Amino acid sequence: MFALVVGRSVATNHQPPTTNRRRQEKTVTLPSIRIGQGYDVHVFTDGDHVMLGGVRVPHDRGVLAHSDGDVVLHALCDAMLGALALGDIGVHFPPSDPQWKGADSRAFLRHCDALLRARGWRVGNADVTVVCERPKIGPHAEAMRMLIAGELGVGLDDISVKATTSEKLGFTGRGEGIAAQAVCLLVPA
Ligand SMILES: Nc1ccn([C@@H]2O[C@H](COP(=O)(O)O)[C@@H](O)[C@H]2O)c(=O)n1
Ligand SMILES: C[C@@]1(CO)OP(=O)(O)OP(=O)(O)OC[C@H]1O
């Protein structure tokens with residue numbers, strides 16, 4: 001029996017309940033890590049595409065947003081900011097600020113990455129789930145992963161983008177909007 005402790009070494013001498021077994025000691029050292037999660041929603045409106053993970057995905061709807069409304073990048077930015085308790089994208093890019101009107105959300109991602117790196121961290125890996133009935137995400141997921149990995153300077157295997165419907169339940173199920181949630185680990189840069 002041994003324990004994993006993040007950020008420092010630990011030795012344990014927990015004795016299994018079964019008797020007469022040799023006492024085990026094991027030291028496991030893992031690097032310091034931080035975890036963050038993010039969630040974003042945008043309402044569908046008239047349009048012919050949605051921006052997702054920095055990729056223009058053709059669709060018979062668009063999204064209502066101050067920026068380009070990329071729920072994948074917004075959720076990911078919030079996860080990155082949350083990992084260092086740096087607030088959320090609304091704090092860093094206020095919707096009241098005209099400079100973000102129609103903004104390309106890749107700029108938000110780059111800014112968040114710079115904030116992390118200035119503090120000695122980078123994304124270790126991230127996992128994003130898009131929730132919508134349509135558009136189908138599968139055919140575009142690889143392009144999103146490549147774009148995000150490129151922007152963050154990490155490997156393709158460190159970035160996951162996947163999707164689910166909500167089985168026609170709720171606002172996503174009724175096709176009223178699109179949601180994304182993200183988790184990420186930060187590791188020392
Ligand atoms: N917008 C979406 C939703 C789902 N997918 C893919 O379809 C699979 C099945 O979805 P369920 O919600 O029925 O489990 C899902 O695992 C995704 O691979 C998609 O590409 N785009
Ligand atoms: C991205 C910002 C930029 O003004 O506005 P929106 O594009 O509306 O997106 P939201 O997910 O509501 O996040 C708030 C803002 O930071």
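Whatever order the structure lists them in is the order used to number ligands and atoms, beginning at 1. From a predicted model like this one, the values you see are computed outputs, not experimental measurements. We number each residue from 1, following the sequence as shown.
Closest protein heavy atom to atom 8 (O) of ligand 2: His66 N, 3.0 Å. Taking atom 11 (O) of ligand 2 as the reference point, the nearest protein heavy-atom neighbour is Asp40 OD1, 2.7 Å. Among all protein heavy atoms, the one lying closest to atom 7 (O) of ligand 1 is Lys136 NZ, 4.2 Å. His42 CE1, 3.8 Å is the protein heavy atom nearest to atom 12 (O) of ligand 2. Nearest to atom 6 (C) of ligand 1 among the protein's heavy atoms is Ala163 O, 4.3 Å. Ranking the protein heavy atoms by distance from atom 7 (O) of ligand 2 puts Ser67 OG, 2.4 Å first. Looking from atom 14 (O) of ligand 1 to the surrounding protein, the closest heavy atom is Thr164 OG1, 4.0 Å. Of the protein's heavy atoms, Thr165 OG1, 3.6 Å lies nearest to atom 11 (P) of ligand 1. Gly138 N, 2.9 Å is the protein heavy atom nearest to atom 20 (O) of ligand 1. From the protein, the heavy atom lying nearest to atom 13 (O) of ligand 2 is Ile89 CD1, 3.5 Å.
For ligand 1 and Glu133, the ligand atoms under 4.0 Å from any heavy atom of the residue are 1 (N). Taking a cut-off of under 4.0 Å to the non-hydrogen atoms of Glu167, the atoms of ligand 1 that pass are 13 (O). Ligand-side atoms of ligand 1 in range of Ile137: 1 (N), 2 (C), 19 (C), 20 (O), 21 (N), range being under 4.0 angstrom from any heavy atom. Taking every non-hydrogen atom of Cys132 and a distance limit under 4.0 Å, the qualifying atoms of ligand 1 come out as 1 (N), 2 (C), 3 (C).
Only the backbone of Pro94 comes within contact range of ligand 2, with a heavy atom under 4.0 Å; no side-chain atom does.
With His42 contributing its side chain and Ile178 its backbone, the two residues share no donor-acceptor pair below 3.5 Å. Between the Asp104 side chain and the Asp68 main chain, no donor and acceptor come within less than 3.5 Å of each other.
Some N or O of Pro135 is nearer than 3.5 Å to an N or O of ligand 1, by distance alone. Considering backbone and side-chain atoms together, Ala65 places no N or O closer than 3.5 Å to any N or O of ligand 2.
Distance screen at 4.0 Å: atom 9 (C) of ligand 1 has no protein heavy-atom neighbour inside the cut-off.
Ring geometry for Trp100 versus Phe108: interplanar angle over 60°, hence perpendicular rather than tilted (30 to 60°).
Under the 4.5 Å side-chain criterion, counting only non-hydrogen atoms from C-beta, Arg134 is in contact with Asp60.
Heavy atoms of Lys162 stay at 4.0 angstrom or farther from ligand 1.
The heavy atom nearest to atom 1 (C) of ligand 2, out of those in Phe93, Trp100, Phe108, is found in Phe108.
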